[in-house]
Number of protein chains: 2
Amino acid sequence: MSTEFSSSSAFRAILNDLPQADETARAGAEDRNGQLTKPPGALGRLEDLALWYAAWRGDARPVLEAPSILIFAGNHGVAAQGVSAFPAEVTAQMVGNFAAGGAAINQLAKAQGASLNVHALDLDTPTEDFTQAPAMAEDAFVAALKAGWDAVDPASDLVIVGEMGIANTTAAAAVAAGLYGGGGAAWAGRGTGLDDAGVAHKAAVIDAGLARHAEALGDPLDVLRCLGGRELAAMAGTITRARVEGVPVILDGFICTAAASTLEAASPGALDHCVAGHLSEEGAHAALLERIGKEPILSLGLRLGEGSGAAVALSILQSAVACHSGMATFAEAAVSAGQG
Amino acid sequence: MSTEFSSSSAFRAILNDLPQADETARAGAEDRNGQLTKPPGALGRLEDLALWYAAWRGDARPVLEAPSILIFAGNHGVAAQGVSAFPAEVTAQMVGNFAAGGAAINQLAKAQGASLNVHALDLDTPTEDFTQAPAMAEDAFVAALKAGWDAVDPASDLVIVGEMGIANTTAAAAVAAGLYGGGGAAWAGRGTGLDDAGVAHKAAVIDAGLARHAEALGDPLDVLRCLGGRELAAMAGTITRARVEGVPVILDGFICTAAASTLEAASPGALDHCVAGHLSEEGAHAALLERIGKEPILSLGLRLGEGSGAAVALSILQSAVACHSGMATFAEAAVSAGQG
């Protein structure tokens, strides 16, 4: 299998030949799960998560010791349309805050024992305003996919993808509308704090983008290129590379899920190595998760991005793997099994 | 304030004179929260949890460094009525499993960096069968309350209470029915794995207990004494001592919540220093949480007990406190605030 690409068509070829989960490891994990000192099913979703993780790590009794958080930041030409409550310079300022250790994701990475790497993607050169032109030309798109691809450390055993980018809920909503229809109104939300008029304006801007790129809408990766942004493309690259390397992924919120959805639309099953970390407060996230068939682990009303919801969910996966791989069996503990 | 008691009436006096949260600390935490480098409210429930924790720790920028998990195990005379899928000897076997480090709670304590102490309460002397007599006489009841009270380390900064006890979903359902009415059918669930006939039998056993102790039903602590069990009384003692010491509490599942509910019923507001860690799969837990006005942090389908759901939820509280106390303010990070 190719693990490099220099064109979007080569990336498409990788997407159409993805490795699958290890069914032997899954069966071994299921067998082990049935012997652990608890009533069958009593750990609920933790059991499902442990089995999923075992299957994708190819290990019936896996460890989770080297989680990695990858954040991509990008700027958006469409920000000029006034679709965010924050000015565009906040993207670079927040990258500075990440570097200084002051953002939410820094605290969450530390709390969960995860590495954190932030990739600022050509912040001084925003993507094109998608109401006027494709957000990215082919070369910029491939560069962004590769930035995400190259960011993955194959030695990590779990990847979280997140983003920062003023106006990127607009890009994400445009991508969702491009993939699934419904127009801007179905997918535009409050982002970092728009009022009703702001949301209506955002929906109109998205509709203008959909009209401008009507010819792209049948092709998920072209939707990502024309309506997305560098950090969205990078997240798609990361998620794909993680699959190739056998590294499970926790998806973050609305923007991350929109980027991921392009992969699922392009190659059904492409997100089987991913779980949804949380349900974002951003209005259309639930609908997007439904489209890709993912049930979020958490529902805590977060809407920050930065990988924050996925990083909180990482602690749940760590708990799941710790129980699965650390617990004694009935036989080991000499505990009587039930009649249930 | 008394911090000792030698009778249930002295315990009642403590319950009626509980310390309250530190509103100055809460206001300071709210002020800080408004300045952190994120859109207002973007961390959703994590923000609420951090403010709650700050108020009960009396510190606008608190730490969470010494969480403590306390598990109480008890045996139940009512187990003789055949209300569990597991034999009664499993209680002691599971205490052995806790001691050996093989249970789910051992893995979760390690994953979350919490201390774990297990208290086996007179396992060789089950409580009375509540269909025949009060589960505990006054002296046994006070001893159990004190076992929980004495187990709290005042130097801990968070307490999780959990339990183990074959047949204790029956005791918990009986307590809930005793507090809130509805009879056995409203509160009896599958426990560790009963079928429909088993649940119906369990409900009938509870109804027999309710009829036997009709005179106790107006008094929440008497409900706990007559229909509960040693581990339920101990959890009530722990929760109350934690309040007196200014230590917030994460409640676990159905049995823990039933024990806690007796305190809220006896002294409204007695659980204000507690959050509900999770929604158990045990059927009546949602109704019980509604009665005490608590929204669970997690809903992952757990139904194990042992403090396991609360221990998973601890990681969420740790994330909340880490963000609140560790993040930079807009001024510190030189990030432009939004217009929202």
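Numbers restart at 1 for each chain; the letters A, B, ... are given by sequence-line order, proteins then strands. Side chains are part of it too, since the values below use all heavy atoms of this structure and drop only hydrogens, waters and symmetry mates.
For A:Q112, the part lying near chain B is the side chain, with the backbone staying farther off; criterion is any non-hydrogen pair under 4.5 Å. Proximity to chain A (any heavy atom under 4.5 Å) is restricted, for B:A111, to the side chain, taken from C-beta onward. Contact annotation for B:E89: only side-chain heavy atoms (C-beta onward) come within less than 4.5 Å of a heavy atom of chain A. Residue contact with chain A, scored on non-hydrogen atoms closer than 4.5 Å, involves the backbone and the side chain of B:V335 alike. If you measure heavy-atom distances from B:A100 to chain A, you find no contacts under 4.5 Å at all. Using a 4.5 Å cut-off between heavy atoms, B:L298 touches chain A through its side chain atoms alone. Contacts of B:I297 with chain A are made by both backbone and side-chain atoms, with heavy-atom separations under 4.5 Å.
Listed here is the closest heavy atom pair of A:T37 and B:G102: OG1-O, 3.5 Å.
No other option in B:N97, B:L36, B:V321, B:L46 has as many heavy-atom pairs under 4.5 Å with chain A as B:N97. Ranked by heavy-atom pairs under 4.5 Å with chain B, the first of A:G309, A:P39, A:A103, A:G96 is A:P39. Considering only heavy-atom pairs separated by less than 4.5 Å from chain B, the leading option among A:S308, A:G41, A:S299 is A:G41. Contact count against chain A (heavy-atom pairs under 4.5 Å) is highest for B:R303 among B:M94, B:R303, B:R45.
Taking NZ of A:K110 as the reference point, atom CD of B:Q318 lies at 14.0 Å (rounded to 0.5 Å). Note that CD of A:E47 is 11.5 Å distant from CG of B:L300, once rounded to the nearest 0.5 Å. Rounding to the nearest 0.5 Å places CD of A:E281 at 12.0 Å from CG of B:L43. A:I105 contributes atom CD1, which lies 15.0 Å from atom NZ of B:K38 (distance to the nearest 0.5 angstrom).
More than 12 heavy-atom neighbours from other residues, nucleotides or ligands sit within 6.0 angstrom of CD on A:E332. The environment of B:E290 atom CD is sparse: at most 12 non-hydrogen atoms of other residues, nucleotides or ligands sit within 6.0 angstrom.
The main-chain N or O of A:H324 is never found under 3.5 Å from a side-chain atom of B:Q107 such that the two would form a donor-acceptor pair.
Side chains of A:S336 and B:Q93: a donor on one and an acceptor on the other come within 3.5 Å.
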